[in-house]
2 protein chains.
Amino acid sequence: MTETIEQKCISKGVKLTDQRRIIARVISDSKKKYGESDHPDVDELYNRVSQIDAKISIATVYRTVKLFEEAGILTKHDFKSGKARYELNDDHNHLIDIKTGEIIEFVDEEIEELQKKIADKYGYNLVDHKLELYGIKKK
Amino acid sequence: MTETIEQKCISKGVKLTDQRRIIARVISDSKKKYGESDHPDVDELYNRVSQIDAKISIATVYRTVKLFEEAGILTKHDFKSGKARYELNDDHNHLIDIKTGEIIEFVDEEIEELQKKIADKYGYNLVDHKLELYGIKKK
DNA sequence: TTATTTGCAAACGGTTTGCCGATTA
DNA sequence: TAATCGGCAAACCGTTTGCAAATAA
């Protein structure tokens, strides 16, 4: 397994508190408990965190995910739904079922390559990218 | 030139009012007046609309862009900036300069094809997609 | 000890909505 | 005329923030 969130915090100089450790654990456990394509929003994280320590406030959850995002630990997604959703920083794309909201993650080398090539063509170095496909399940 | 917004409204059964006509015109004129990569947010649209008719309220602008979006006339973008931005519905992608915020539009047949292929591979028909590249200008 | 963090509640900013008079088809 | 729309201001909702007490290093 790769570095834990706690290890990443230490190596990035992010101070650890009980609250942050709990939030980190909830995020790390998310995929195990809720399936591969779990992308909780802050409310949902707050619910899960509350079950471990009911005294943690939602403001702390907001502050923590922002902190983790800035430290490059989490990735924030907006999709088409109003609220921001978070997941561990990892380089993949999303295929979203517009009927059910189900999210499928995928990586495709060919697309990664093409993206770099396109940025290059316009005189840019690619530093980030976002690809979302919206689809309807075939019968 | 292709259909105007007004023509699209008529063919989609969207009732036309003075306010909507003005908003439509402002959007149509956007690229001409403000450059190829103009993606105004609602505030900015409201400013431009106000110069033509100061009595149009921002609520109407909100209602109208939403209406146009639902009619498939406009596309809403979120990028990384809090507020929603709009542009005429057209099938292209965005390359965003993370230093300056400049937006470059591009289309790439190869990427379009790949996207369809990927959706297909997971058993989906592609109905929409979003590709954003974030880059830094090369020296 | 000193800087940072947390919880609380209030503020914020973009967006939506209820009401009711005005306008469209 | 019937149905829809627009202006206003208030409500909404996700997110941020000021403050004072609590805590990490």
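Throughout, a chain's letter reflects where its sequence line sits, starting with A, and its residues are numbered from 1.
- Taking atom CZ of residue A/Arg21 and atom P of nucleotide C/dT5, one finds them 13 Å apart after rounding to whole Å.
- Residues A/Asn93 and A/His129 form a side-chain contact, since some pair of their non-hydrogen atoms from C-beta on lies under 4.5 Å apart.
- Phosphate proximity of D/dT15 to A/Lys83: absent, as no side-chain N or O sits under 4.0 Å from OP1 or OP2.
- You'll find that the side chain of B/Lys15 is closest to C/dT24, out of C/dT15, C/dT6, C/dT24.
- Look at CG on A/Asp78: it is 15 Å from P on C/dG14, rounded to the nearest Å.
- Residues B/Asp43 and A/Val61 each lie close to DNA chain C; by heavy-atom proximity, the contact nearer the 5' end of the strand is made by A/Val61.
- Looking at B/Lys137 and B/Thr100, their side chains never come closer than 4.5 Å, going by heavy atoms from C-beta outward.
- The base of D/dG6 has none of its N or O atoms less than 3.5 Å from a complementary donor or acceptor on the side chain of B/Arg20.
- Between B/Thr60 and D/dG6 there is no side-chain N or O to OP1 or OP2 distance below 4.0 Å.
- B/Tyr46 approaches B/Ile58 most closely through the heavy-atom pair CE1-N, 3.4 Å.
- When rounded to the nearest whole Å, the span between CD1 of A/Ile56 and P of C/dC8 equals 11 Å.
- At the heavy-atom level, B/Asp41 lies nowhere under 4.0 Å from the strands shown.
- One can place NZ of B/Lys76 at 7 Å from P of C/dT15, the figure rounded to the nearest angstrom.
- Closest-nucleotide positions on DNA chain C for B/Tyr62 and A/Val14 were compared, and the one nearer the 5' end corresponds to A/Val14.
- The distance between atom CG of A/Leu67 and atom P of C/dT4, rounded to the nearest whole Å, is 13 Å.
- Between the NZ atom of A/Lys66 and the P atom of D/dG14 there is a distance of 17 Å, given to the nearest Å.
- Distance, B/Ile58 CD1 to D/dA11 C1': 16 Å, rounded to whole Å.
- A heavy-atom distance below 4.5 Å is found between the side chains of B/Asn47 and B/Glu44.
- Distances shorter than 4.0 Å separate some side-chain N or O of A/Thr17 from OP1 or OP2 on C/dT6.
- Side chains of A/His94 and A/Glu132: no donor on one and acceptor on the other come within 3.5 Å.
- Rounded to whole angstrom, the span from the CG atom of B/Asn47 across to the P atom of C/dG14 amounts to 12 Å.
- For the OP1/OP2 pair of C/dG7 and a distance below 4.0 Å, the side-chain nitrogens and oxygens of A/Gln19 include at least one atom meeting the criterion.
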